[in-house]
Amino acid sequence: MFQPRLAPETRNLSRTTVVSSEDTLLHLIRNASTIRQVQSFLKARGLPSSAASWDALIDERIKPALREGLTEQDLLDLLSEAEEFGHQHIFLYQRRGRRTLTLPNENAITRWLKDTPDEELLDGPRLLEYPEVPTLSDVRLDDDGVLSLKVVETRTIVEMVSEHEQANGNFLREYSRTPIRAVNIVRLHSNGLLEVGIYSHRAQVRRYDQDVPAMWGLLAGLLEADDYAEWPLVKAKQALWEQRAALNGRIRFSKASLRDTAGTIMDCTSGSADSNIFDDAAAEAGLSTFHKRGSAYCDRHNLWWLEQSDGVPSRKVHVLLGGAPNEFAVTMQCSRSDYQHVLSELRQLNR
Amino acid sequence: MSSVNFDNLIDKFPDERSAIEALGKLVSAGAPLELTFEHLAARVHPSSMEVLAVILAELTRSGDLSRIIRVESRDQGGIRDFESIQDVPERMHDWRTDEDIEVTPDRLRVIYKASGRG
């Protein structure tokens, strides 16, 4: 459960014990990333990377590398790469008052954290697995000028384990509770674009915009909601529709939802996971007619950015454009560069 | 695709001659096809749905058609295709809605496919 908006001095009143051991960091990396991702990370550093299992990767590749030059910071960078991109619903905002644009700098961050329970973040991130309350775990200015703030929370998935009939005709159900580590990330760009990313609630249908106020509460004093206006993706949704033919081969449309001026909604969904609805001539014709004759607009998209031969993106990235007007989701884990590519294209389409 | 298969089927199920001939035309039309059982029935108008099911099973065995089990999203559209019901997991991630789901029978769709090579 998120806490209500708190004054800085009362932020993060309690949390699970921070453990910063090498094993904990490796455990978090193991849960957040894939073997392939870690192997790419090692290869990029000229380190041996072949391994048939996670245990082999950790014991025979990573741990020896730590004794031969690989640093804890390198692993923290890997953890950031693994858990901060993908599996999120992202809300976009733009800083108000461009002419007087002042973004938090290092001094502002220091003032915000100093003399608070989060002051230790000035020295580096916390490694939190299952904090009792949503907790700030990292505040940093990246080399590209992006201010990143990471909030880790524990969610609980409830699943039915068994059902037992009772002699009186009633029945009992037993449920398990499984903790899930959720990573929410906020990124402020030097041009005033703000991303508020909420970790996917995979176990339930949910409106993600309900989680955003609590994030503002945790960031109060450094970032204020009143200073940022929602940046709706209306133009991007229309541009994707208008450019759908030109985007063939780069973007695959799994679903499009159009609404016309009579209030009628036309949804078109691909049958198989690998199909593009606009490769179906009948679907294309139907949607085009509805769009033109009904003065329709495109309300939602379900898209895949397809991997390209130049490696940008390096793998296909699944994106949902729907929910709140300023919301998009990257539902699967992806690399930093692939996420940045998708965000960049959305920004271009949204101009 | 062998016309012998369809001729044999007509011999076995003479009451469904017109449906089998319609199926043959559908399969040999040249375009790839992907149809549910209901869609096929709507196209070929069998006199018996049960017999149509048997006919489709025979065409699947002969390779004239292929059959897949598609797990569908509550938001419509397939999440993933499987070759048999035994391959379908109890739970999976629905990428169309970004939620983990229990795969219940109402989410399963049997799809018949023709390659369209005639």
Side-chain angles (χ1 to χ4, degrees), chain A residues 86-90 155 157-161 178 180 197-208 252-257 265-277 279-283 300-304 316-323 327-334, chain B residues 26-27 29-43 56 60 65-85 87-116:
Chain A
H87 288 310
Q88 293 188 338
H89 287 240
I90 302 107
R155 295 180 186 164
I157 289 182
V158 175
E159 293 174 305
M160 193 176 81
V161 173
T178 306
I180 298 291
I198 306 295
Y199 192 77
S200 291
H201 287 272
R202 293 163 64 104
Q204 57 181 289
V205 177
R206 190 182 174 92
R207 279 189 52 185
Y208 284 81
R252 183 169 71 218
F253 292 79
S254 292
K255 177 171 182 171
S257 183
I265 303 158
M266 180 176 274
D267 286 347
C268 195
T269 306
S270 64
S272 73
D274 297 331
S275 300
N276 185 338
I277 55 173
D279 287 344
D280 181 335
R300 293 168 185 264
H301 282 296
N302 190 318
L303 307 162
W304 293 85
K316 59 185 182 185
V317 182
H318 181 239
V319 174
L320 295 173
L321 272 177
E327 178 183 353
F328 75 101
V330 177
T331 63
M332 300 173 182
Q333 186 190 46
C334 69
Chain B
L26 208 58
V27 169
L33 282 180
E34 206 177 270
L35 297 163
T36 63
F37 179 81
E38 291 79 9
H39 197 173
L40 271 167
R43 291 289 294 268
L56 292 175
T60 304
L65 290 174
S66 60
R67 193 187 85 143
I68 53 113
I69 308 296
R70 175 165 293 163
V71 179
E72 290 193 336
S73 170
R74 65 169 172 83
D75 198 37
Q76 300 178 322
I79 301 169
R80 198 171 145 198
D81 295 343
F82 297 89
E83 289 199 358
S84 76
I85 193 77
D87 296 333
V88 177
E90 288 182 6
R91 295 188 63 81
M92 62 193 300
H93 183 65
D94 179 355
W95 54 267
R96 290 186 185 264
T97 56
D98 193 23
E99 56 189 13
D100 294 337
I101 62 165
E102 185 182 343
V103 182
T104 49
D106 61 297
R107 290 187 180 274
L108 301 179
R109 196 75 63 204
V110 176
I111 305 280
Y112 292 91
K113 299 172 87 165
S115 64

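In what follows, every chain begins at residue 1, and chains take the letters A, B, ... in the order their sequences are listed. Worth saying up front: this structure is predicted, and the values here are computed from it rather than measured.
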> Of all of B:Glu102, B:His93, B:Glu34, which one pairs up most often with chain A through heavy atoms under 4.5 Å apart?
Replying inline: B:His93
> Quick one: what part of A:His87 sits under 4.5 Å from any heavy atom of chain B, side chain, backbone, both or neither?
Replying inline: neither
> Relative to chain A, which segment of B:Arg109 carries a heavy atom at a distance below 4.5 Å: side chain, backbone, both, or neither?
Replying inline: neither
>> Can a side-chain donor-acceptor contact be found between B:Asp98 and A:His201 if the only test is distance below 3.5 angstrom?
In response: no
> Do B:Asp100 and B:Asp94 come close enough that some side-chain heavy atom pair is under 4.5 Å?
Replying inline: no
> Are the side chains of A:Val330 and A:Ile90 in touch, meaning some heavy atoms are under 4.5 Å apart?
Replying inline: yes
>> Is B:Arg96 close to chain A through its backbone or its side chain, or both, or neither, when contacts mean heavy atoms under 4.5 Å?
In response: both
> Considering only heavy atoms, which portion of B:Asp81 lies under 4.5 Å from any heavy atom of chain A: side chain, backbone, both, or neither?
Replying inline: side chain
> Do A:Leu321 and A:Glu327 touch side chain to side chain, with heavy atoms closer than 4.5 Å?
Replying inline: no
> Checking heavy atoms, do the side chain of B:Ser73, its backbone, both or neither come under 4.5 Å from chain A?
Replying inline: neither
>> Can you confirm whether the side chains of B:Thr104 and B:Asp106 place a donor and an acceptor under 3.5 Å from each other?
In response: yes
